[in-house]
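As the structure is a computational prediction, the values presented were derived from the model and not from experiment. Below, chains carry the letters A, B, ... as their sequence lines are ordered, and counting in each starts from 1.
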Amino acid sequence: MKEPKPMPKETITTRAHDYNQWYLDIVREADLAEVAEVVRGCIVFKATGYAIWEMMQRELDNRIKTTGHENIYFPLLIPKSFIMKEAEHVDGFAPEVAEVTRAGGEELAEPYVIRPTSETIIGYFYSKWVRSYRDLPLLYNQWCNVMRWEMRTRPFLRTAEFLWQEGHTAHVDEAEAEAETLRILFDVYADFAEQVMAMPVIRGLKTEKEKFPGALRSYCIEAMMQDGRALQSGTSHNLGQNFARAFDITFTDQHNTIQHCWTTSWGVSTRLIGALIMTHSDDEGLVLPPRLAPIQVVLVPIYKNEDERARVMEAVERLTADWQGRLRFKVDDRDNFTPGYKFNEWELKGVPIRVEVGPKDVEKGSVAVARRDMPGKAGKQFVPQAGLTDYLLTLLEAIQVALFERALAFRSDRTATVTTYDELKAQIERGFALAYWDGTTEEEKRIQDETRATIRCIPLDQPEAPGICVYTGRPTSRQVIFARAY
RNA sequence: CGGGGCGUGGCUCAGCCCGGUAGAGCACCGCGUUUGGGACGCGGGGGUCGUGGGUUCAAAUCCCUCCGCCCCGACCA
């Protein structure tokens, strides 16, 4: 059989031509979301996009529960005065909070803000719940929506309203809070990103300039998108005693002395959907890793007439008999579209595997199997009907691994160590620049002004040998990653 | 919020400069022929031209307001 080259999708701008437009084209064509033009900066999560979020939620929620946390839910509205209580926090969020000033037909005595994050209202309640060291730790998480009035928005990556989970914990001392912060970073976020999203991430510490307003330390996972830019994909904060002081979260310890708790907070959001798109997808459309794909296998029956249709559908019934519960699949039996149209449509929507069953397959006892991560002839082959289910399950795993490996290789290729400022400027055009750093926050800002790149993080994996700071020339043992960021 | 671009059937856009009965392709509906990489023929439906105001005998077209989207900056999960 002659295999034509994958046809370029005329509805999708190529990545090389315009990466931003490509991203928007994918979101629209794969039917993930729609810009809600009647509500500034907001999107409608369409069925496929929301299904991906549900898959993410399931995997994350499992990890959050297995690390000992319980789900809980706090109000959407927060008294405005709460937000004002932690100095750094106010400065960080004041410009982007939306306020409710009227309700019930009259002005409210105290306005509410629509939560941009819930540290403050949770802090208020934690202070009521904690009396003794025996009440600690508090290990809670909430799934909710939040609102931040961002100036510029993009579907999934930055929207005025977004969905996320925010974990909030309280502990007896710094060591326990720090252990919690890191455990979430490694065992929940990094593990999820790499094992489920097939997206390699760098585990790191934020600089003072980049940390969460009000935090003692912020940790993050950073991923590289296909244009070489960095995307912060999750954050985990050790809040120290800052919020405990602001909200008077205190406990009596073993020695009968009153102490402030140490709290943490951590979150990942629907931004991960944007990360997923920009990590794996190509000019043909969305590419979904099997573990997150709402549909893992789509089966397209092919026939010319009623007789063929009957024979083909009989084979389809037989082949899919034991798929239920083992594969997430769909049989595309719509008769108002041609097979070629369906191939393109499912490719666009990122389904990892397509199985084609036609009259010739019925005769020969075969099926055609095409894998999405390898468009065109390279990814399509004929396999025997016998043992098909196991074959598909194995192939799904292979695709999952291949996507991770490909993304990892891409990142490695676009990451380089730089020793001079000129090298740094050149490297951030391509991707991540690893550099020794001993500068101040002021110097960090100056570099941002000059290059539009920021320090994404101080990787937790640090080199053995010390080096020379790329900017100040001072000797240091600390290496950081510079990159342009989303 | 600053600079730039753009809002016309569901989508992509033409028409605007030079005011005079709103168009094309795709999509959609019906019928028939088709179906292994985006099928074809014939027939058909669908638009207060983003919003509000102004100029004019007459506004998609000219002027102003507001809203929204896209790109580039400053802010951010």
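The base-pairing partner of B/G32, taking Watson-Crick or G-U wobble contacts with both distances under 3.5 Å, is B/C40. Nucleotide B/U65 forms no Watson-Crick or G-U wobble pair with any nucleotide shown, as no partner meets the under 3.5 Å limit on both distances. B/C1 is paired with B/G73 under the Watson-Crick or G-U wobble criterion, all donor-acceptor distances under 3.5 Å. Base pairing annotation: B/G25 forms a Watson-Crick or G-U wobble pair with B/C11, both donor-acceptor distances under 3.5 Å.
A salt bridge links A/D61 to A/K65: at least one charged side-chain nitrogen sits closer than 4.0 Å to a carboxylate oxygen. Between A/E345 and A/K349 there is a salt bridge, since at least one side-chain N of the basic residue sits less than 4.0 Å from a carboxylate O of the acidic one.
Both thresholds, 5.5 Å between centres and 30° between ring planes, are not jointly met by A/Y341 relative to the base of B/A39, so the two rings are not stacked.
Mapped onto RNA chain B by nearest heavy atom, A/D361 and A/F93 fall at different nucleotides, with A/D361 at the one closer to the 5' end. The 5' end of RNA chain B is approached more closely, in terms of each residue's nearest nucleotide, by A/R154 than by the other of A/Y486 and A/R154.
Residue A/T338 has a polar side-chain atom (N or O) positioned under 4.0 Å from OP1 or OP2 of B/A39. The side chain of A/Q21 contributes no N or O atom lying less than 4.0 Å from OP1 or OP2 of B/G5. Taking only side-chain nitrogens and oxygens, A/R40 comes nearer than 4.0 Å to OP1 or OP2 of B/G68. A sub-4.0 Å separation between OP1 or OP2 of B/U34 and a side-chain N or O of A/N336 is absent.
Side-chain proximity of A/K380 to B/G36, B/C76, B/G37: nearest is B/G37.
Between A/E180 and A/W266 there is a side-chain heavy-atom pair separated by less than 4.5 Å.
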_Show, in sequence, the C-alpha distance, side-chain angles and deciding distance for A/Y219 and A/E178, and conclude whether the side chain to side chain donor-acceptor pair (under 3.5 Å) test is met._
CA-CA 10 Å; A/Y219 294 94; A/E178 183 74 2; 2.3 Å; yes
